[in-house]
Visitor: 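Okay, handing you the structure first.
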2 protein chains.
Amino acid sequence: MTAPPSRQIARELRGQIDRGELVAGDKLPSERVLAERYGVARNTAREAIRLLADQGLVTAEHGRGVFVRGKHRLLRFGAERYARTLRESTGLSPFRAEVERQGRVPSVNCVSIERVTPSAEIAERLLIDSDVETVVRRENWYFADDEPMQVGVTYSPWSIVEGTPVADSAKMGKGSLYARFEEVGHAITTIREEVSARMPTPEEAHGLKIPDGVPVLEVVHTGCDQDGVPFEVTVFVMRADYNGLDYKMPVED
Amino acid sequence: MTAPPSRQIARELRGQIDRGELVAGDKLPSERVLAERYGVARNTAREAIRLLADQGLVTAEHGRGVFVRGKHRLLRFGAERYARTLRESTGLSPFRAEVERQGRVPSVNCVSIERVTPSAEIAERLLIDSDVETVVRRENWYFADDEPMQVGVTYSPWSIVEGTPVADSAKMGKGSLYARFEEVGHAITTIREEVSARMPTPEEAHGLKIPDGVPVLEVVHTGCDQDGVPFEVTVFVMRADYNGLDYKMPVED
DNA sequence: CTCATCAACTGGCTTGAGCCAGTTGACCAG
DNA sequence: CTGGTCAACTGGCTCAAGCCAGTTGATGAG
């Protein structure tokens with residue numbers, strides 16, 4: 001019934017972290033030191049560290065050591081991110097506003113704009129027929145202090161965005177994306193957000209520079225206009241150690 | 001630049017899963033077979049499987065083998081879960097309703113009811129002074145087909161629930177918790193949900209029987225009444241491979 | 001002073017061996 | 001037919017050794 005050595009070592013280290021004997025940024029003893037200290041093989045010490053890494057408590061850096069991960073203040077996103085007043089008063093996109101609120105430097109990079117045929121998942125949410133209608137796909141990467149935070153892929157029907165900057169321009173101009181939609185008769189009025197969490201794919205882990213033991217939040221966002229018509233779907237993938245969601249809403253009868 | 005063997009093997013297996021050559025429930029070749037097939041040590045084959053497990057693609061079962069994990073249909077929870085009409089029309093708690101909608105058998109187990117002094121986090125959301133006021137803490141476990149799905153810990157001020165079943169009874173009676181709150185003058189009117197995701201603690205992984213590579217969603221839910229007064233905070237921890245959230249809400253100006 | 005070099009550290013990954021502990025199904029005694 | 005035993009499988013975990021590849025800081029050449 002006694003736990004295997006790797007787990008015991010992990011538990012001990014975890015205790016030191018929980019009790020504050022090791023704090024964010026501190027370096028753990030090296031694998032070789034741990035192995036000697038506990039009288040085990042290096043592989044066993046390594047396994048202990050892996051257990052902690054899988055819990056998201058530490059991050060190994062090749063050549064440097066293993067470090068205690070800090071708890072970051074989360075960037076919190078909610079419905080107000082789409083509010084017109086925010087757009088008009090700050091002139092900032094919602095992501096920029098939230099990042100700046102924490103004293104960090106935001107940047108957004110639109111990496112591609114394409115006209116594509118939508119997946120079934122997207123077509124369903126836009127209430128269009130994927131055999132007939134095409135959509136514009138815009139892929140945006142969001143950074144804070146040059147660290148990648150989120151990827152957002154926005155889809156909207158070609159029939160709506162044709163001729164607007166949304167269809168082909170990386171720069172959205174004043175008021176950003178939703179101001180452009182409003183100009184063509186689609187003011188964002190209600191949203192639906194489907195939230196789930198999972199481990200990143202290897203591509204996501206690499207692209208977002210996500211360390212081991214950190215999941216991603218996946219948010220499928222659908223924006224509907226004043227008539228309840230969906231006009232854009234955005235799929236966000238955000239690293240869960242830096243991002244969270246914060247929704248306030250009425251309970252309808 | 002060529003990837004290490006363990007990664008190559010993992011990539012190959014992942015490819016087989018992605019292409020549908022291995023489907024949910026299928027058994028992977030055993031570690032020893034993989035090792036021989038690829039001409040590597042057993043540890044290396046083992047490492048490859050570990051990589052897949054960390055991505056949440058497979059689950060190892062001691063003595064049985066390694067199996068491809070299925071994508072489950074998610075239980076989706078949103079604001080309508082608190083709607084009075086749902087309460088009154090079905091007589092079911094929102095969790096039960098959602099689980100039954102998927103043809104599974106729900107059960108809820110109230111494991112403890114205590115009067116405690118609230119943490120700072122809870123006190124802040126209830127707008128009370130943790131030095132003066134106590135709260136009732138109710139811990140509920142939610143199951144579908146006897147598999148644990150969620151843990152919910154509800155806190156509400158003693159001054160509100162004193163004398164009601166909320167303060168001391170596991171059975172809430174018709175209409176469940178929120179009907180009782182309504183009887184003492186607090187009809188749930190708006191909610192705030194703070195959502196984040198992380199890897200489970202060892203205790204959570206054990207209690208919820210969460211396999212490796214599956215994160216949890218943590219939802220801090222605050223319920224406010226018709227006057228905007230917060231009267232209950234519930235912290236949900238749900239396994240992210242079975243649960244998701246689905247919110248619809250208006251965008252306020 | 002500046003800059004390249006290099007030794008001594010770090011983790012990354014593999015080998016091949018061994019023992020332990022669940023699971024399963026065949027087989028056999030009753 | 002029933003029930004127990006047991007062999008052959010599975011993954012869980014460890015060992016001791018080795019090589020590779022980043023990082024860092026001291027050292028010394030210019």
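Chain naming here is simple, since letters A, B, ... match the order of the sequence lines and numbering starts at 1 in each.
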Visitor: Ignoring hydrogens and angles, does a donor from either the side chain of B/Arg32 or the base of D/dG11 sit under 3.5 Å from an acceptor on the other?
Guide: yes
Visitor: Counting only side-chain heavy atoms from C-beta out, which of C/dT15, C/dG11, C/dT23 sits nearest to A/Ala60?
Guide: C/dG11
Visitor: Is there a donor-acceptor pair closer than 3.5 Å between any side-chain N or O of A/Glu204 and the backbone N or O of A/Thr201?
Guide: yes
Visitor: Using atom OH of A/Tyr38 as one end and atom P of D/dA16 as the other, report the distance to the nearest whole Å.
Guide: 18 Å
Visitor: Could you state the atom-to-atom distance from CG of B/Leu28 to C1' of D/dC9 in whole Å?
Guide: 16 Å
Visitor: Does B/Tyr242 have B/Arg104 sitting over its ring (NZ/CZ under 6.0 Å from centre, angle to axis within 45°)?
Guide: yes
Visitor: Would you please classify the geometry between the A/Tyr142 ring and the A/Phe236 ring as parallel, tilted or perpendicular, with 30° and 60° separating the classes?
Guide: tilted
Visitor: Do B/Arg50 and D/dG11 share a donor-acceptor pair, side chain to base, under 3.5 Å?
Guide: no
Visitor: Between C/dT14, D/dG12, C/dG11, spot the one nearest the side chain of A/Glu31, thanks.
Guide: C/dG11
Visitor: Ignoring the backbone of B/Thr44, work out which of C/dT15, C/dC13, C/dG12 is nearest its side chain.
Guide: C/dT15
Visitor: What integer distance in Å separates A/Ile49:CD1 from C/dC13:C1'?
Guide: 15 Å
Visitor: Between D/dG22, D/dT14, C/dG18, spot the one nearest the side chain of A/His62, thanks.
Guide: D/dG22
Visitor: Tell me which of B/Pro29 and A/Glu47 sits closer to the 5' end of DNA chain D, going by the nucleotide each one is nearest to.
Guide: B/Pro29
Visitor: Out of D/dC15, C/dT14, D/dT23, which has the shortest distance to the side chain of A/Ala41?
Guide: D/dC15
Visitor: A/Leu34 CG to C/dC9 P: how many Å, rounded?
Guide: 16 Å
Visitor: Taking CZ from B/Phe67 and C1' from D/dC9, how many angstroms apart are they, rounded to a whole number?
Guide: 12 Å
Visitor: Out of C/dG11, C/dC19, D/dT23, which has the shortest distance to the side chain of A/Val66?
Guide: C/dG11
Visitor: Just by modelled atom types, is the A/Val166 backbone N or O under 3.5 Å from a matching donor or acceptor in the A/Arg138 side chain?
Guide: yes
Visitor: Among D/dT24, D/dC13, C/dC13, which nucleotide has an atom closest to any side-chain atom of B/Arg46?
Guide: D/dC13
Visitor: Contact class for B/Arg7 (heavy atom, under 4.0 Å): base, sugar-phosphate, or nothing?
Guide: sugar-phosphate
Visitor: If you count every heavy atom of other residues, nucleotides or ligands that lies below 6.0 Å from B/Glu61 atom CD, does the total exceed 12?
Guide: yes
Visitor: Return yes when atom CD of A/Glu114 has more than 12 non-hydrogen atoms of other residues, nucleotides or ligands closer than 6.0 Å, and no otherwise.
Guide: yes
Visitor: Quickly work out the B/Glu61 CD to C/dT23 C1' distance and round it to whole Å.
Guide: 10 Å
Visitor: Reading DNA chain D from 5' onward, which residue's closest nucleotide shows up sooner: B/Arg64 or A/Pro4?
Guide: B/Arg64
Visitor: I want to verify a distance call: between C/dC13, D/dA16, D/dG11, whose nearest atom is closest to the A/Asn43 side chain?
Guide: D/dA16
Visitor: Would you say A/Ser30 reaches C/dC9's phosphate, i.e. side-chain N/O to OP1/OP2 under 4.0 Å?
Guide: no
Visitor: Between P on C/dG11 and CZ on A/Arg42, what's the gap in Å once rounded to a whole number?
Guide: 7 Å
